[in-house]
Structures are given as structure tokens and as C-alpha cells.
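Chain A is the first sequence line, chain B the second, and so forth, proteins listed ahead of strands; every chain is numbered from 1.
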Number of protein chains: 2
Amino acid sequence: MYTIKEVADKMEVSEHTLRFWAKSGFFPYIKRNENNTRLFTEEDLEWVKIVKCLRNIGTENKAIKKYIDLCTIGDSTIAERFEIIKDTKKKALERMDELKKQLELLNWKENYYNSLIENKSIDRCNPINSDCQKVAT
Amino acid sequence: MYTIKEVADKMEVSEHTLRFWAKSGFFPYIKRNENNTRLFTEEDLEWVKIVKCLRNIGTENKAIKKYIDLCTIGDSTIAERFEIIKDTKKKALERMDELKKQLELLNWKENYYNSLIENKSIDRCNPINSDCQKVAT
DNA sequence: TACTTGACTGATAGTTACTATCAAGCTGTA
DNA sequence: TACAGCTTGATAGTAACTATCAGTCAAGTA
């Protein structure tokens, strides 16, 4: 059983955000002790994980709540949950692709700046060209 | 030369966001025609690309403005820009790693739901376990 | 026993980065 | 000439945090 602070550290989500998520109904089975303090079980950590996952991929909170609700309803919602997960996976792969391209751009810039510094040469390109040259794709 | 609408389509950024970014000073060299309409050059598109890149990796707008300003200052800021790009690249790699792990989770869930549907079996796990089982890492 | 420290609570306000709505202006076709 | 379709800036609204605050509680120390 973990306090909100321990969960924040363990899962790398701020206490504020965890409270906000709790208030949003993202942790449907969470328990409290006699002092009204939230105590997260291992299962609750798994809910944190899936919420973090969906959030990171850009799923909006309303849609996350919908998914959580479907989970708590039970068997009858499996097909719908399956679709949500497939959609999310698709979005995740798109993000991954975009990130890869953007990493290429950053690599190009890193090399560019590095060569300018190493050679101690003067940047003769104007800022537009030096900073925005196309990456060879 | 592209209008804001054309840039929005081409770069997959909304017109609203482009205007917001323009107002934030993210396109320092942008020109207007005699009717005050913004016209984006190819170089401006490269600025859009780098802003999109930084934004996507989580750089906040204030920091993006700082980078843009450094670019427009010129040679003297190359070392500083180099550091920014290195930091951004680091963050991008971290995002990539996180995304990979989250894709594993989604894959696990996809398979799980799929097998439940295919076998037409009943979901015997409670919602917590069915939706939050740990992915074998 | 009194006091301080530290973690928790909910309520509320503030911030960031959009996102939508609006009135107004220009342009090209019917 | 009208109107459709694009643009503009100003302004308001929204999502998702993020920070601040007053208050509760338990444990440790003087």
C-alpha cells in the first residue's frame, strides 16, 4: 500500500496530478485509511500506468474516463475496449514515426552546430538557413 | 509562397495554432503582402518544422522563443543553441523509450482483448486484473 | 504535555497552450 | 452587385495541469 507521495515518486507523476486524476475518476477502486488518506495498491499502480500511457499518447481525459468506465462495467464492453486500444496503438505508432523524423532533424542540427564549434569556423549561413536546413530524408 | 491555410494543410498544424505561434514570435522573418496577409516562404516552413519538433518533445513556448531569438542573434549564440539541441535530443530519446514501453503495454492489451473475443470466452478476471496486468518486461 | 514537523486533505486560483468565435476586410466569380 | 471564401486581430473559452492555502492528523522531540 502506497501513499500518494510514494506513488508520485515511483511512477513519476506529480502528487497534484495524481489527485487531479483521482478526482477525475481514473482510479475507480482506490481505498482510503481511517484518516481519509488515499492508499494505492499494486493494482491501483497499474491504473496509474495505463492512464499515464493513454495520456502520453494524447488521449484526452474525457476519453480516458470513458475507457475506465468501460473497464468497470465488465465483460460486455470488451469489444469497445479492444477498439480503443487499437486506436491508441495506431496513434502511438504515428507518434513514434514523427519522433523518429524529429530526431533526425535534431541529429542534423547537433552535427551542424558541433562542426561549427569544432572547426571554430564562423557561421556564414544566415540564421534561417543554418537552423532550418532540410534534413536529407 | 504559402498562405496560412496552405501551411496548415502541408504541415499539419491548425491555422489557429500557426497564428498563435506567429504572435508568439516563432516566425521571425515572415513577410506579408499588401493586404496584410502572411505569406510563408520555404524557409518559414522550416521554422514551422523546428517549432513543431521542439513542441512535440515538450519544450515550452517560452524556451522555444528563446531558441528562436538565439538563432536570429547569430554566430555568438552557437554554443548555447548546441546545448539546447543536445538537451532536446536527450528528452526525445527518453520519450521514445517511454513510448516503446507503452506500446508493449498496448500490445499486451490488444492481444488480451483479442483472445477474449476470438475464443468468445467470458472475461473471468475482474476489471483491474484484466486491464492492468503487468506486461512481461 | 506541549510543540514542531511532515504528510495528507479539499477548495480555489493561476498558468500554459491552445481552440473557438466573431466582426471586418479583400478578392474573384455569377 | 452580391456572395462565397479567404484573410486579419481581438477576445473569450477550454483542457489539463500546477500552485497556494487553510486545515487535519500522527509521530517525534523538549
Please give, in whole Å, the distance from [N] [atom2] to [X] [atom1]?
{"X": "B:Asp9", "N": "D:dT7", "atom1": "CG", "atom2": "C1'", "result": "15 Å"}
{"X": "A:Asn33", "N": "D:dC25", "atom1": "CG", "atom2": "P", "result": "12 Å"}
{"X": "A:Asn56", "N": "D:dA16", "atom1": "CG", "atom2": "P", "result": "14 Å"}
{"X": "A:Lys62", "N": "D:dC17", "atom1": "NZ", "atom2": "P", "result": "14 Å"}
{"X": "A:Lys65", "N": "D:dA16", "atom1": "NZ", "atom2": "P", "result": "14 Å"}
{"X": "A:Leu54", "N": "D:dC17", "atom1": "CG", "atom2": "C1'", "result": "17 Å"}
{"X": "A:Asn36", "N": "D:dC25", "atom1": "CG", "atom2": "P", "result": "10 Å"}

Approximate separation, where rounding is to 0.5 Å, of [X] [atom1] and [Y] [atom2]:
{"X": "A:Ile84", "Y": "A:Cys71", "atom1": "CD1", "atom2": "SG", "value": "8.0 Å"}
{"X": "B:Leu18", "Y": "B:Ile30", "atom1": "CG", "atom2": "CD1", "value": "8.5 Å"}
{"X": "B:Asn61", "Y": "B:Ser24", "atom1": "CG", "atom2": "OG", "value": "6.0 Å"}
{"X": "A:Thr3", "Y": "A:Glu6", "atom1": "OG1", "atom2": "CD", "value": "3.5 Å"}

Do B:Asn33 side-chain atoms and B:Asn35 backbone N/O form a donor-acceptor pair below 3.5 Å?
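Checking the backbone N and O of B:Asn35 against the side chain of B:Asn33, a donor-acceptor pair under 3.5 Å is found.
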
Can you list, in residue-number order, the parts of residues 16-26 of chain B that come under 4.0 Å of DNA chain C, counting heavy atoms only?
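Heavy-atom cutoff 4.0 Å gives B:His16, B:Thr17, B:Phe20, B:Trp21.
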
So which of residues 92-100 of chain B are in contact with DNA chain C, with a heavy-atom cut-off of under 4.0 Å?
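Contacts with DNA chain C under 4.0 Å: none.
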
With A:Tyr2 via ring-ring contact (aromatic ring centres under 6.0 Å, His included) - residues at least two apart
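Once residues adjacent in sequence are excluded, A:Tyr2 has no partner under the ring-ring contact (aromatic ring centres under 6.0 Å, His included) criterion.
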
If the condition is ring-ring contact (aromatic ring centres under 6.0 Å, His included), which residues does B:Phe82 pass it with, not counting sequence neighbours?
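For B:Phe82, no residue satisfies ring-ring contact (aromatic ring centres under 6.0 Å, His included) once neighbours in sequence are set aside.
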
Salt bridge check, B:Glu104 against B:Lys101: does any charged N sit closer than 4.0 Å to a carboxylate O?
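Not counted as a salt bridge, because no side-chain N and carboxylate O are separated by less than 4.0 Å.
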
Do the rings of B:Phe40 and B:Phe27 sit parallel, tilted or perpendicular, given the 30° and 60° boundaries?
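Perpendicular: the ring planes of B:Phe40 and B:Phe27 meet at over 60°.
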
For A:Glu98, which residues count as a side-chain hydrogen bond (donor to acceptor under 3.5 Å, both in side chains) partner, sequence neighbours excluded?
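For A:Glu98, the residues satisfying side-chain hydrogen bond (donor to acceptor under 3.5 Å, both in side chains) (neighbours in sequence not counted) are B:Lys52.
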
Between B:Ile57 and A:Leu106, is a side-chain contact (heavy atoms from CB on, under 4.5 Å) present by the stated rule, with each step listed?
CA-CA 11 Å; B:Ile57 290 158; A:Leu106 292 171; 3.6 Å; yes

Outermost nucleotides of DNA chain C that come under 4.0 Å of a non-hydrogen atom of chain B:
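Span of nucleotides near chain B: C:dT16 to C:dT27.
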
Starting from the 5' end of DNA chain C, give me the residue, B:Ser14 or B:Asn35, whose nearest nucleotide shows up first.
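Its nearest nucleotide lies further toward 5', so the answer is B:Ser14.
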
